> 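Before I ask anything, let me first share the structure, which is written out below as structure tokens.
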There are 2 protein chains.
Amino acid sequence: MPTEPRWLNPREDRAWRAFKHAGHQLDVSLSRHLLQDSGLTQADYEVLAVLSGNSIDRMPARELCAALSWEKSRLSHQIRGMQQRGLIAREPNPDDARSVLICLLPAGRRAIEDAAPAHVEHVRRQFIDLFTPAELDTLATLGERALRHLADEPFGEGPLDPDETPAQR
Amino acid sequence: MPTEPRWLNPREDRAWRAFKHAGHQLDVSLSRHLLQDSGLTQADYEVLAVLSGNSIDRMPARELCAALSWEKSRLSHQIRGMQQRGLIAREPNPDDARSVLICLLPAGRRAIEDAAPAHVEHVRRQFIDLFTPAELDTLATLGERALRHLADEPFGEGPLDPDETPAQR
DNA sequence: GAGCTATGGTTGAGGAATCAACCATTTATG
DNA sequence: CATAAATGGTTGATTCCTCAACCATAGCTC
């Protein structure tokens, strides 16, 4: 049974603050750099990364959502912008008339290939290089433990589309 | 000299993904719970926490900004909303006519006192309780290392108000 | 195969954070 | 002391994300 005081003790508080703050600041810094020297948003980058990573340059929107852990509406909005900039295209999915295939266009591939080196470099400088291999493993282990726990949360997952709530009548 | 390949190796990639993803998911989950059972945003909560924590129930906006690592404009917008909800008040600062004192109102104190127990509880369940004391110390140490490094970044800090850029003419 | 329900996706409104521009006051410089 | 620069805050536009509502197609079940 875990301890249950109303507040965090100093050790707990320190860990919690450091973790939270570090993650956030890292995120801010990396997005800023990414945008600055490639014109891509983190969101843009992640989409292109999945699309270009999976060796097939097209995939149904639903799969992209799952891969990114995004809501479908977010992807939809995001895609619209990227399409206008010529990075990707939409195509009807022959296997399912409701579905849409998101296709990586040459410009999109070029965009991420241009952006990646500098971005990876920043991830190294601001994260990887600060830790020993053993420390990296520790971070991975602890992070994954938290993720596993969150995944089990009853209320935790799923943006709960009103459509998708369990039958109410 | 750190290794410099164009991509992250599997160990690095695992650590980076786990860290990033865990931080984000944790954040999402905690905000959702907080809002759900107290009606407060994370932003609301943080403001109230600083204000109620420092034993003096009022402080200049500038100090609040610093304590939160927020931009001044963000605080300004945030404060407007909280003022309308009667959680805090603004008062002129007798020491500096440009400045504004942000004051914690009774309703604000009540709000965070009501919200805190459940919130702390969630932080425990989803973070603290997953780790041993030694692991918590490790997380604190590693997180702080990252923060220190980010703080030194030449371009990293400060939203660079155009006003505040080094003299340009 | 008619009528549910579930699924894939789009849209529009609203909230939250950022950015640029601005105003007022204070401090530094000559 | 007059003026320039720096500081504390506010505001409005913009972008990004979430939510709720919606449409169309697919899959069941009878």
Side-chain angles (χ1 to χ4, degrees), chain A residues 24-25 27-29 31-32 34-36 39-47 59-66 68-85 90-102 158-169, chain B residues 24 27-29 31-32 34-36 39-47 59-66 68-85 90-102 157-169:
Chain A
H24 183 249
Q25 292 296 104
D27 201 57
V28 167
S29 170
S31 327
R32 179 132 58 199
L34 179 62
L35 185 59
Q36 190 88 23
L40 293 178
T41 302
Q42 267 211 344
D44 296 332
Y45 189 91
E46 286 174 48
V47 168
M59 64 199 294
R62 176 68 181 79
E63 266 181 57
L64 244 186
C65 272
L68 295 163
S69 319
W70 280 12
E71 277 177 286
K72 54 189 189 176
S73 77
R74 180 177 177 189
L75 184 65
S76 187
H77 287 304
Q78 177 69 33
I79 287 310
R80 181 167 36 78
M82 295 179 70
Q83 187 172 11
Q84 280 166 5
R85 285 183 292 154
R90 295 153 188 261
E91 254 185 41
N93 183 344
D95 296 355
D96 184 338
R98 298 167 296 182
S99 175
V100 163
L101 292 179
I102 311 297
L160 298 180
D161 253 303
D163 285 352
E164 294 163 11
T165 49
Q168 302 208 345
R169 56 136 310 112
Chain B
H24 184 248
D27 200 59
V28 167
S29 170
S31 327
R32 179 133 57 199
L34 179 62
L35 185 60
Q36 190 89 22
L40 294 179
T41 302
Q42 267 211 343
D44 297 333
Y45 189 92
E46 286 174 48
V47 168
M59 64 200 295
R62 175 65 180 79
E63 267 181 56
L64 244 187
C65 271
L68 295 163
S69 320
W70 280 11
E71 277 177 286
K72 56 190 188 175
S73 76
R74 179 177 178 189
L75 184 66
S76 187
H77 287 304
Q78 176 69 31
I79 288 309
R80 182 168 36 79
M82 295 179 71
Q83 187 173 11
Q84 281 167 4
R85 285 182 291 154
R90 298 154 186 261
E91 255 185 41
N93 184 345
D95 297 356
D96 184 338
R98 297 168 295 182
S99 175
V100 164
L101 292 179
I102 312 296
E157 194 58 51
L160 299 180
D161 254 304
D163 285 353
E164 295 163 10
T165 49
Q168 301 208 345
R169 51 140 313 123

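Just so we're on the same page: letters track the sequence lines, and every chain starts at 1. In this text, all values refer to a predicted model and were calculated from it rather than measured experimentally.
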> Checking side chain to side chain contact (heavy atoms under 4.5 Å, CB included) against A:L101, which of A:N93, A:D96, A:L64 comes through?
A:N93
> Can a side chain N or O of A:T41 be found less than 4.0 Å away from OP1 or OP2 on D:dC16?
yes
> Can you check the B:D27 CG to D:dT18 C1' distance for me, whole Å?
14 Å
> If the cut-off is 4.0 Å, is B:S73 near the phosphate of C:dC19, judged by side-chain N/O to OP1 or OP2?
no
> Do B:H77 and C:dG15 have a side chain to base donor-acceptor pair shorter than 3.5 Å?
no
> What is the separation between atom CD on A:Q36 and atom P on C:dC19, rounded to the nearest whole Å?
10 Å
> Quick one: on DNA chain C, does B:D44 or B:D95 contact a more 5' nucleotide (nearest heavy atom)?
B:D44
> Quick check: on DNA chain D, is the nucleotide nearest B:R80 upstream (toward 5') of the one nearest A:D96, or the reverse? Name the residue that is more 5'.
B:R80
> Quick one: which of D:dC17, C:dT25, D:dA26 gets closest to the side chain of A:A97?
D:dA26
> Looking only at side-chain N and O atoms, does B:S76 come under 4.0 Å of OP1 or OP2 in D:dT10?
yes
> Rounded off to whole Å, could you give me the NZ-to-P distance for the A:K72 and C:dA6 pair?
13 Å
> Quickly work out the A:L75 CG to C:dT7 P distance and round it to whole Å.
18 Å
> Of the options A:Q83, A:Q84, A:H77, which is the one that meets A:R80 in a side chain to side chain donor-acceptor pair (under 3.5 Å)?
A:H77
> When you get a sec, tell me which of D:dG8, C:dG8, C:dA17 is the closest nucleotide to the side chain of B:R62?
D:dG8
> Donor-acceptor pair, A:D27 side chain versus A:H24 backbone, under 3.5 Å?
no
> Assign B:N93 to base, sugar-phosphate, or nothing according to its heavy-atom contacts below 4.0 angstrom with the strands shown.
nothing
> A:R85 has an atom CZ; how far is it from atom P of D:dT15, in whole Å?
11 Å
> Is a donor-acceptor pair below 3.5 Å formed from side chain A:R74 to base D:dT18, judging by atom type as modelled?
no
> Where the side chain of A:S29 meets the backbone of A:Q25, is there a donor-acceptor pair that is under 3.5 Å apart?
no
> In whole angstrom, what separates B:R90's CZ from D:dG8's C1'?
12 Å
> Between D:dG8 atom C1' and B:I79 atom CD1, what is the distance in whole Å?
14 Å
> So B:L68 and B:L75, do their side chains get closer than 4.5 Å, heavy atoms only?
yes
> Find the distance B:W70:CH2 to D:dT10:P and express it as a whole number of Å.
14 Å
